Amino acid sequence: MITRLKELEELSRFLDPDQQQRDRWNASVTAYANTFINTLKNTQTYVHSEENERSVNHLNITEQPTPLSDLLEQTTNSIDEVGLNPASAGHMGYIPGGGLYPSALGDYIAAVSNRYAGIFYTAPGAVRLENMLTRWMCDLMGYPKSAIGNLTSGGSIANLVAIVTAREALALKARDFEKSVIYLSEQAHHSIQKAVRISGLSEAHLRYIPLDEGLRMSVPALEKAILADKKKGLLPFFINASFGTTNTGAIDPILSIASIAKTYKLWFHVDAAYGGFFKLVAHMSSKFKGIAMADSITLDPHKTLFLPFGTGTILVKDRKKLLNAYHYMADYMQDARVANTEISPADISPELTKHFRGMRLWLPLKLFGLKPFRAALEEKLLLAQYFYREIRKLDAFVTGPEPELSVVMFRYMPINADANLFNKKLIQAIQKDGRIFLSSTTVNDVFWIRVAVVIFRTHLQQIDLLLEIIKENVAKLSKQSTEN
Ligand SMILES: *Cc1c(COP(=O)(O)O)cnc(C)c1O
C-alpha cells in the first residue's frame, strides 16, 4: 500500500507545479494575451471559417500531456479566430461584451486562492467584498438599506432569480399559476419568457402590452390590461419593465409603471441589464426616476461595466423576500450557522459553491477608479447620437427613434427594390466584410439593422469606419440591383 501511495503521489504531484514551471506558463499566457490585445486593431470582428471551427476537434482530452505552446496556438486558431470577437472595438451587434484586463487578473487571483465565496463562515472577506459591491449597486439605484444583491453569472439568471423571488413573495401555489398574469412588452428580453418557463409558471398568462411610438410600454394600456384581468378573476402578479431594451435601447416609463404596480400590488421588476450602469453618467440621472420603487432590478456588469462575460447582478429591495426564496440549511452546513452576521451568497441564490466573482469586478473598479467608467459610458451615448445624426444626413436612410441609450436602428430605402430584402443583403455584406459586426432585428414586420455601442474599445474612429462601410456596401448593392 505504501509503495502504491508513493507511486500515486509522484504522479499526482504533477497537479501542483513548482514556481519555475508556473513562471514559464505565466510568461506564455502573458505573451498570448499581449498578442491578442495588441493585434485587435487588425483582426476581423467577425470571421466565418468552417475549417477553423472544425479544428476544435483536435483539442479533445488525451491520456498524455500536451505542451502549453501547442494549446495556446490551437486556442488562437480554433477558438479566437472563428465567429464573433466580443473584445473587438468593431463589435456593435447585440448588446456587446467587453473584457477589462484587470478582470482577467481578478479571475486569476480568485482561481489561485479559490476562496469559498458562497458562505460567510468560510470566506468572510470574500463574502463581505461581494456584499459591499452589491451594496454599491443598491446605492447607485437609490435602494434603501433593506435591499440586498447577489452577483449572478449573467442577466438571464438575475431575471430568473427575480421571478422566483416574486412567486415566493406572493406565495403563489401551483393551483394559482393558471390564473397568474405577467405583464411585459414585445420588446422585453427573451430571458424573461425563459425564466417564466423555468420557474414553473408556463401556465401563467403573458400579457404583451402595446408600445408607444418610442417603442416603450404604453402605461394606459398596461393599466387597462390589469383592470380587465382583475375583472376576469385573474391574478395580476408581475410587471417587467425594461430599462433599455436590447433591440432599440428604449426605456419603459419606470415611474408611471412603478405607481401602477404599487396601486394594484404587483411585483415590479426592472430589467436594467443593458441600461442600468448608465446611472454613472450624471446627466442620465433623471431617466432613472422611480427605479428605486422596483421590487427587483437586474444589472449586468458584463455589459455596461465592460467586464468579461460571467457576471450579472440581481438586486432585491426587501432582503427578507430574497432570503425567503433561497435560504436553505442542511445538516452538514451546521458550522456555517455559527457566525451568521453577514448574509451569504448561498442564502440568496440557487448556488452553493461558486466562483468568487467579486474579485473580477472589484479589481478594475478600484484600479481605474470610477472616472474612466463614467467617461466611457458617456462616450458610448454620444457615439450613438453621432451615428444617428450622421446616418440621417445620408440620402435614403431612415432610422428608428432617437437613441435614449446607445442603440440605433437604421435601414436603407432603395428606390426600385424591396426594402426588407435590400437591408437583409446589406447586413450580410457588412458581416462578410467583418471589420464591424452589426446585427439586425424585425419590429412590426420591418427589417432593421442595429448598431449597439457598448464596447469600451469603441471610439469615434470605429463609428466613422462603420459609416464608410455602410456607404460602400449600399453603393455596391445598388449597382448590382440596377444591373439585374
Ligand atoms: C443581455 C440582456 C439580458 C440577458 O442577460 P445575459 O447576461 O445575456 O444572460 C436580459 N435583459 C436585457 C435587457 C439584456 O440586454
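Atoms within each ligand, like the ligands themselves, are counted from 1 in listed order. Values reported hereafter were calculated over all heavy atoms of this structure, with side chains retained and with hydrogens, waters and symmetry mates removed. These numbers were taken from a predicted model, which means no experiment stands behind them.
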Mind listing the N or O contacts between ligand 1 and protein, cut-off under 3.5 Å?
residue	atom	partner	partner atom	Å
ligand 1	5 (O)	Gly155	N	3.4
ligand 1	5 (O)	Ser156	N	3.4
ligand 1	5 (O)	Asp300	OD2	3.2
ligand 1	7 (O)	Gly155	N	2.7
ligand 1	7 (O)	Asp300	OD2	2.6
ligand 1	7 (O)	His302	NE2	2.7
ligand 1	9 (O)	Gly155	N	3.3
ligand 1	9 (O)	Ser156	N	2.8
ligand 1	9 (O)	Ser156	OG	2.6
ligand 1	11 (N)	Asp271	OD1	3.2
ligand 1	11 (N)	Asp271	OD2	2.6
ligand 1	15 (O)	Thr246	OG1	3.0
ligand 1	15 (O)	Lys303	NZ	2.8

*Would Arg457 and Ser88 satisfy side-chain hydrogen bond (donor to acceptor under 3.5 Å, both in side chains), going step by step from the backbone distance to the final call?*
CA-CA 7 Å; Arg457 293 188 172 103; Ser88 161; over 6 Å; no

*Just checking, Lys279 and Phe288: is the charged tip under 6.0 Å from the six-membered ring centre and within 45° of the axis?*
yes

*asked:* Apply side chain to side chain contact (heavy atoms under 4.5 Å, CB included) to residues Tyr388 and Val451 and explain how you reach the verdict.
replied: CA-CA 9 Å; Tyr388 176 78; Val451 178; over 6 Å; no

_Test: salt bridge (charged side-chain N to carboxylate O under 4.0 Å, His left out). Region: residues 283-293. Which pairs qualify, not counting sequence neighbours?_
Lys287-Glu404

*Would you list the pairs meeting side-chain hydrogen bond (donor to acceptor under 3.5 Å, both in side chains) in which at least one residue belongs to residues 367-385, sequence neighbours left out?*
Glu379-His459

*Got a sec, which residues hit ring-ring contact (aromatic ring centres under 6.0 Å, His included) with Tyr208, two or more places apart in sequence or on another chain?*
none

